[in-house]
*Asks:* 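Take this structure first; my questions come after.
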Amino acid sequence: MLDRLKYYWKTFDNGILRENPILRLMIGLCPTLAVSTSLINSVGMGLATTFVLVCSNFVVSLLRKFTPNGVRIPIFIVIVSTFVTLIDYLMLAYMPELHKSLGVFVPLIVVNCIILGRAESFAYKNDVVLSAIDGLGMGLGFTIAISAIGIIREVLGNGTILGYSLFGASFSPAIIMILPPGAFITIGFLMAGLNALTRKGEGANK
Amino acid sequence: MTLQKENLSVSVSPHIYDKQTTGGIMRDVLIALIPAALASFYFFGMRAFLVILVSILGCLLSEWIFQKIVKKPSSLLDGSAVLTGVLLAFCLPSSIPLYMVFIGAGVSIIIGKMVFGGLGHNIFNPALVGRAVLLASWPQAMTTWPAANNIFLGMYDTVAGATPLAGIKLGQYTATYWDLFIGRTGGSLGETCAVALLIGGVYLILRKVISIAIPLTYIGSVYLLSSFLGIDPVYSILSGGLFLGAFFMATDYVTSPMTSGGKLIFGLGCGLLTVMIRKFGGYPEGVCYAILFMNGLVPLIERYTQPKVFGVKNK
């Protein structure tokens, strides 16, 4: 039983650091680049993706024994788009402003390669509980990474955090940080930082 | 695969030894920039000196810090950071807040050079990377040009004047050729005085630090294309950052082609893009982006202009 729990924890933990979708696997970069201009957008996007990821992993895993191999991708897409439509309308109903600022990137979660990638490489091969846990871990890893990028870009590029001004009116922010190059630069430095940190940890273990 | 014998050490080319060192080349380029620096002190006063100083210090400091963090041996003494600092300062307006200069210097060194692995590995000209980032970040501060004013006539802080290039866009040719030639116009620190840059460029060519190919094709193609498009060609080559870019930035060893054919293509491409951006683009000046863009094409250019290996038959 304890071993089983440990295994669950390891699957969950995997998505957060060791195989962080953005900073390690470098997938799902398109929504990351596009919406990480502010913290609130990043968190919204991250949680919406997490919801879709958990649900789609769950259902894909549930149906894995009945899914014919040849048409599995269309089936995954149908499952994913069901949940994306769900979250799309939920956000439209309860968080219209966030929905508006995320714009087309909410429906585009359908083609987010994190979701399809996890369905294909994990949920299709593992049991239901484990797949849902993997979805949660990957989703939270994505949320954490995109939020970190969102914080850096919002503070440097707009001088605010969650819309509150940090430095006063005389501060003139570096506009480049909320433009696409700013996203690439931020991701690059975060990736380098994470690599340096984990490498140091590995060295100490030896 | 390896042919290496124990007592024979095989090293990669080049095998010809030359006394020229990185430090020596950088020193020559810095000497060549002295006339333009003096001109900038003359036209923009104390402020020009401060911008150049902060830029150099920013470059040295960020290089030192970065090399401390990643535990690489220090390369401060090869002069490349100082050169980047001077070149960056030369393409900034004199009224720019000093903290922006400092940030630009850090960006030049860290994002433009060090993250690629240091001098010799950078794809893009570091000073131009810094300038491009500053221009994208603070467009207003980067395009407020104080009109040139002589220190002996007293300092004006906010006499903003249109640059000759902005004038061209509006169809106004306000400055005379003589104004442009000696640098009595608005513009960035080091780019206005054509004659000072020309002296520096000729010095570099005579010292064989740079070949004449890139500056000649670059300025030549801008001249021809401008006249083709109905812009006063002399006005066009004397205004903006063309001379600075052609002699000192497009000729950067690391980011320009090594092959002689490649140099011609590189110069022509820079000239074409510069005129296109000036004439049809949103910005009045295109030198910075033209050179950066061509920097990105250098590996491709070199691949197609590789000379035949000695002994191989031409087809």
*Asks:* Which atom pairs, donor and acceptor, lie under 3.5 Å between side-chain atoms of residues 181-191 of chain A and protein residues at least two apart or in another chain?
*Replies:*
residue	atom	partner	partner atom	Å
T186(A)	OG1	G182(A)	O	2.5

*Asks:* I'd like to know whether OH of Y89(A) has more than 12 heavy-atom contacts from other residues, nucleotides or ligands below 6.0 angstrom.
*Replies:* no
*Asks:* Counting only non-hydrogen atoms closer than 4.5 Å, does I110(B) touch chain A with its backbone (N, CA, C, O), its side chain (CB onward), both, or neither?
*Replies:* side chain
*Asks:* Would you compute the distance between atom CD1 of I175(A) and atom CG of L135(B) and round it to the nearest 0.5 angstrom?
*Replies:* 10.0 Å
*Asks:* Quick check: are there more than 12 heavy atoms from other residues, nucleotides or ligands sitting under 6.0 Å from CZ of R18(A)?
*Replies:* yes
*Asks:* List in chain and number order the residues that pass ring-ring contact (aromatic ring centres under 6.0 Å, His included) with F12(A), two or more places apart in sequence or in another chain; answer none if no residue qualifies.
*Replies:* W9(A)
*Asks:* Got more than 12 heavy atoms from elsewhere within 6.0 Å of CE, M26(A)?
*Replies:* no
*Asks:* Between P139(B) and chain A, with a heavy-atom cut-off of 4.5 Å, which part of the residue counts as in contact: side chain, backbone, both or neither?
*Replies:* side chain
*Asks:* Between CE of M100(B) and OG of S172(A), what distance do you get to the nearest 0.5 Å?
*Replies:* 4.0 Å
*Asks:* What part of V70(B) gets within 4.5 angstrom of chain A, counting heavy atoms only: side chain, backbone, both, or neither?
*Replies:* neither
